[in-house]
There are 2 protein chains.
Amino acid sequence: MSSSTHDTPGRAGVPGTPRGARARARIEVTEAIKDEARRQLAVDGAAKLSLRAVARELGMVSSALYRYFPSRDDLLTALIIDAYDSLGETAETAHDAVADAGPVRRWTAVCEAVRAWALAHPHEYALIYGSPVPGYTAPRTTVPPAARVGLLLIRIVRDAHRGQGVAKTPLPTELRTEAERLAADVAPDLPPEVVAVLVAAWAELYGLVGFEVFGQFNRIVEDREPFFRHAVARLAHSVGLVHG
Amino acid sequence: MSSSTHDTPGRAGVPGTPRGARARARIEVTEAIKDEARRQLAVDGAAKLSLRAVARELGMVSSALYRYFPSRDDLLTALIIDAYDSLGETAETAHDAVADAGPVRRWTAVCEAVRAWALAHPHEYALIYGSPVPGYTAPRTTVPPAARVGLLLIRIVRDAHRGQGVAKTPLPTELRTEAERLAADVAPDLPPEVVAVLVAAWAELYGLVGFEVFGQFNRIVEDREPFFRHAVARLAHSVGLVHG
DNA sequence: ACACAAACGAGAGCAGTGCTCTTGCTTTGG
DNA sequence: CCAAAGCAAGAGCACTGCTCTCGTTTGTGT
């Protein structure tokens, strides 16, 4: 590969990002590996993702692949991060397209984007919201990408609650302190009552999406789009969003 | 097992259910295999469940195991069915203990039983509500066990709605026909408005449980029991249940 | 009571896997 | 210009799911 480009990056070269032709080739190969792995993921699922098969398809030998990913789980981790980012970006794009609309509209736009992405990439969705890989615990690197959708939902609710306070159901005393800590962590400017139901709605959204993607609605819910829309509108209502 | 026991089970044997000593031995070995598989499942997760390791632990050779389960996936299927049944029975027991209480109490009892079972058996929960096994589609045999919790929730809501109609939010027209079909399928005596939100609440319950079991609440929700109780109480409210 | 068929456990073997280690070659930087 | 680092290739280890064959055990119809 690469032979074409006019290389000789020069002594100095760009001081910034890629230090030379080798570095560029490295990220190119790394990306090719991830692409091929994603292809196999989409076909056979994560469990059958085989390093050897990826290498074979790329015309290299399996051991060469370990120069780029120290283990199969590390490849999976890379795919997980990419999946979180892909989902997050999809959601953000969908949100920005209706950024000027009312909070309910923005909320449903995000939820429907999540659902659409999940249906379009079921195996990648399974990777990030399905059963976690057995031995493996997600490195801290995955945290920011994983938070993107949640932060979006928080932002929508925050905008809606700015100024006019919405009627909020009181918290049970046993949840009081936890809700306050939670609110201080994720949305200091929102009342704890709202944050508690918002986090719940966040999880419930993925319950709806997961049931559809994983086939739990088979032979039960048939016309799923209006069903989802209705459920998501009720979630919006439950966190205090109103039209307008 | 084996060599020690006094064997020679006798000619006739019990004429009833198991047709002979051989049939009895068969279900015994089958059960032993499932037990050992469940043990390994609890330790390493489904992905690392190894037929050979199970056989090794049981003192038999791997090929012998294929007399009982034609493939690894069939073993997993058996474990899936058992998991659904275990969860269903746990939920039913928890419900029956408060069968005379009000609908909200019964609802939360079931939800908390689901959560407790999931936390106690995370890998089995992942097996039935996590990412589905790649190639594999659940046989019809899994349908009845899988339905037990859902039917329980339906029963609670049906009892509560018997007689006094509860205020129901109107359905969007696009969901009208689907909700009616859905209601006719799962709960003909409930109004479609209620069935639609009930099915949504059912999925949302597993969103809450799944996020906790799969670690999505790590570093976010700390005191999870009151959080869950509050969310579940709101779900009960959303399907029209009231105390009393 | 005997014989035949089905069920069974053991072993060898195939193709595939993740991963390690060693061997040479090429690029890079001092 | 040369040593050091990066790289691809190959052999090899321990493991997997699964198949096939081969004697043996067990249950049953005659």
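Please read all numbers here as calculations on a predicted model, not as lab measurements.
- If you measure from atom CG of A:D74 to atom P of C:dG18, you get 13 Å, rounded to the nearest angstrom.
- Of the candidate nucleotides D:dC18, D:dT16, D:dG10, D:dG10 has the atom lying nearest to any side-chain atom of A:V61.
- A salt bridge does not link A:R24 with A:E28: every distance from a Lys NZ or Arg NE/NH1/NH2 to an Asp or Glu carboxylate oxygen is 4.0 Å or more.
- Remark: C1' of D:dT19 and CZ of B:F69 are 19 Å apart, rounded to the nearest angstrom.
- Residues B:T90 and B:W117 come closest through the heavy atom pair OG1-CD1, 3.5 Å.
- With rounding to whole Å, B:R24 atom CZ is found 21 Å from D:dT25 atom P.
- Picking from D:dG17, D:dC7, D:dA8 the nucleotide with the shortest atom distance to the side chain of A:R26 gives D:dC7.
- If you measure from atom CE of B:M60 to atom P of C:dG9, you get 5 Å, rounded to the nearest angstrom.
- Distances from the side chain of B:S71 to the nucleotides C:dC19, D:dC18, C:dT17 place D:dC18 closest.
- Put simply, CZ on A:R67 is 17 Å from C1' on C:dG18, counting in whole angstrom units.
- Expressed to the nearest 0.5 Å, how far NE2 of A:H230 lies from OG1 of A:T108 amounts to 13.0 Å.
- Taking atom CG of A:D73 as the reference point, atom C1' of C:dT17 lies 14 Å away to the nearest angstrom.
- Judged by closest nucleotide on DNA chain C, B:S63 is the one of A:S62 and B:S63 placed further toward the 5' end.
- Within 4.0 Å (heavy atoms only), B:L49 reaches sugar-phosphate atoms of the nucleic acid but no base atom.
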